[in-house]
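Reckoned from all heavy atoms, side chains included, excluding hydrogens, waters and symmetry mates.
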Amino acid sequence: MGPQRIVCLTEEPTETLYALGEQHRIVGISGFTVRPAIARKEKPKVSAFTSAKIGEILKLQPDFVIGFSDIQADIAAELIRHGVEVWISNHRSVDGILDYIRRLGAMVGAAERAIAYADELQRGLDAIADAAARLPRRPKVYFEEWDDPLITGIRWVSELVRIAGGDDVFPERATESLAKGRILANGDEVVARAPDIVLGSWCGKKFRPEKVAARPGWETVPAVRGGWLHEIKSPAILQPGPAALTDGVREIAAVVQAWARGDDPRTVSADRTRG
């Protein structure tokens with residue numbers, strides 16, 4: 001039967017359990033959860049990302065709590081001291097996300113559905129990669145996760161950029177598991193790598209392309225000269241779950257394909273806004 005009262009400290013377990021039809025097990029979610037939208041209406045919000053309402057979680061009498069990464073280690077430790085079983089996943093790659101979905105499904109007795117769902121997501125990625133293979137050219141892409149300090153994209157983002165037809169300009173940074181390993185000393189590092197596209201996803205605040213374009217020395221960057229500065233909303237790409245493998249990668253692919261065709265970048269922005 002598996003756990004019956006699950007608290008999800010991040011969005012990806014919530015989205016996955018809903019996708020598998022196991023949402024009845026969820027008794028609490030992260031306040032940052034936006035996918036699926038119905039979860040915010042149905043489930044109490046008991047945590048942020050780096051903090052949680054421990055007392056409120058305990059009142060829910062969870063038999064399982066799911067979190068993500070070292071950043072939630074203190075929350076996990078506090079709950080464990082109260083006798084709660086906690087699973088902190090630490091997956092950082094596309095394959096890791098797919099395996100996470102399979103493992104979570106197995107934990108709640110939905111192993112076959114989880115395998116089928118992961119396979120469906122993989123087919124979607126394969127289709128995007130096939131389309132990317134037919135592009136006439138590949139752009140160099142700088143993905144910015146934060147602006148002060150500058151933080152480059154995490155591994156699954158770098159991999160999705162490649163699947164979508166681009167080449168991450170900081171692939172060596174993407175392999176760093178902790179954010180501090182992806183901090184750039186200054187913007188000169190980006191200028192030197194001359195990206196054709198800049199994708200921004202500033203977690204928790206709106207990406208400001210005009211501020212990026214105004215950075216000292218960045219007027220020489222091809223992406224700035226061509227106007228290829230685009231936002232990917234953080235819920236679509238910075239959660240290591242289904243969102244990144246669907247909407248997130250599709251948004252990246254749309255920008256990459258438009259660049260490869262030589263479209264007007266302002267048109268791409270308008271199209272994505274309408275969508």
Side-chain angles (χ1 to χ4, degrees), residues 32 34 48-50 71 135 137-176 178-239 243-244 247-275:
F32 289 123
V34 297
F49 190 49
T50 59
I71 295 177
L135 293 175
R137 52 183 183 152
R138 294 179 65 90
K140 293 187 293 181
V141 179
Y142 167 56
F143 187 97
E144 187 170 284
E145 190 175 307
W146 192 245
D147 65 323
D148 186 21
L150 301 184
I151 302 180
T152 66
I154 200 167
R155 181 176 171 184
W156 72 78
V157 174
S158 179
E159 292 175 348
L160 291 174
V161 165
R162 185 174 67 250
I163 288 169
D167 294 311
D168 179 13
V169 296
F170 290 105
E172 76 285 1
R173 298 274 186 176
T175 61
E176 296 287 341
L178 302 181
K180 64 182 180 181
R182 294 181 281 113
I183 295 175
L184 301 179
N186 54 62
D188 293 346
E189 292 188 60
V190 180
V191 175
R193 303 208 181 188
D196 301 298
I197 296 172
V198 172
L199 299 176
S201 188
W202 298 346
C203 189
K205 65 179 181 180
K206 182 176 176 58
F207 176 66
R208 300 284 300 279
E210 71 279 6
K211 290 185 67 175
V212 174
R215 290 172 181 168
W218 283 48
E219 68 277 0
T220 65
V221 174
V224 173
R225 293 203 313 267
W228 289 94
L229 307 169
H230 291 272
E231 179 178 32
I232 307 293
K233 299 288 188 181
S234 55
I237 194 65
L238 294 185
Q239 301 277 11
D247 289 353
V249 68
R250 284 196 289 262
E251 288 192 32
I252 295 173
V255 176
V256 169
Q257 290 167 11
W259 177 90
R261 291 191 302 263
D263 292 357
D264 185 332
R266 293 170 297 181
T267 303
V268 179
S269 180
D271 288 345
R272 290 178 64 244
T273 300
R274 285 197 297 269

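With hydrogens and angles ignored, the 3.5 Å screen pairs a side-chain donor or acceptor of Arg137 with a backbone N or O of Trp259. Arg155 places no side-chain N or O within donor-acceptor distance of the main-chain N or O of Thr175, the cut-off being under 3.5 Å.
Counted within 6.0 Å of NZ on Lys205, heavy atoms from surrounding residues, nucleotides or ligands total more than 12; the atom is thus considered enclosed.
Minimum heavy-atom separation, Pro139 to Gly165: CD-O, 3.4 Å. In this structure, Ser234 and Ser201 approach most closely via the heavy-atom pair CA-OG, 3.1 Å. Considering every non-hydrogen atom in both Arg193 and Val169, the closest pair reads NH1-O, 2.7 Å. Summarising the geometry of Val256 relative to Ile197, their closest heavy-atom pair is CA-CD1, 4.1 Å, with the distance given to 0.1 Å. Residues Ala164 and Ile252 approach most closely at CB-CG2, 3.6 Å, considering heavy atoms. For the residue pair Val161 and Asp167, the shortest heavy atom distance occurs at CG1-N, 4.1 Å.
Residue pairs satisfying the ring-ring contact (aromatic ring centres under 6.0 Å, His included) criterion with at least one member in residues 179-204, sequence neighbours excluded, are listed as follows: Trp202-Phe207. A ring-ring contact (aromatic ring centres under 6.0 Å, His included) check over residues 146-173, counting only residues at least two apart or in different chains, returns the pairs Tyr142-Phe170.
Each of Glu176, Glu145, Glu172 was compared with Arg182 under the salt bridge (Lys or Arg N to Asp or Glu O under 4.0 Å) criterion, and only Glu145 meets it. Checked options Val221, Val224, Asp147, Val191; the residue passing with Arg215 is Asp147 (criterion: side chain to side chain contact (heavy atoms under 4.5 Å, CB included)).
Ile151 contributes atom CD1, which lies 12.5 Å from atom NZ of Lys180 (distance to the nearest 0.5 angstrom). Here the CD1 atom belonging to Ile237 is positioned 11.5 Å from the CZ atom belonging to Arg250, to the nearest 0.5 angstrom.
Residues Arg162 and Asp168 have side chains not in contact (no heavy-atom distance under 4.5 Å, counting atoms from C-beta outward). Looking only at side-chain heavy atoms (C-beta outward), Leu160 and Val157 stay at 4.5 Å or farther from each other. The shortest side-chain heavy-atom distance between Glu251 and Glu231 does not fall under the 4.5 Å cut-off.
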Identify each donor-acceptor pair in which a side-chain atom of residues 183-190 lies under 3.5 Å from a protein atom, sequence neighbours left out, and give them as a table.
| unit_1 | atom_1 | unit_2 | atom_2 | d |
| --- | --- | --- | --- | --- |
| Asn186 | OD1 | Asp188 | N | 2.9 |
| Glu189 | OE1 | Arg173 | NH2 | 3.1 |
| Glu189 | OE2 | Ala185 | N | 2.9 |

**OP:** Could you go through the side-chain contact (heavy atoms from CB on, under 4.5 Å) check for Trp228 and Asp196 one step at a time?
**Re:** CA-CA 7 Å; Trp228 289 94; Asp196 301 298; over 6 Å; no
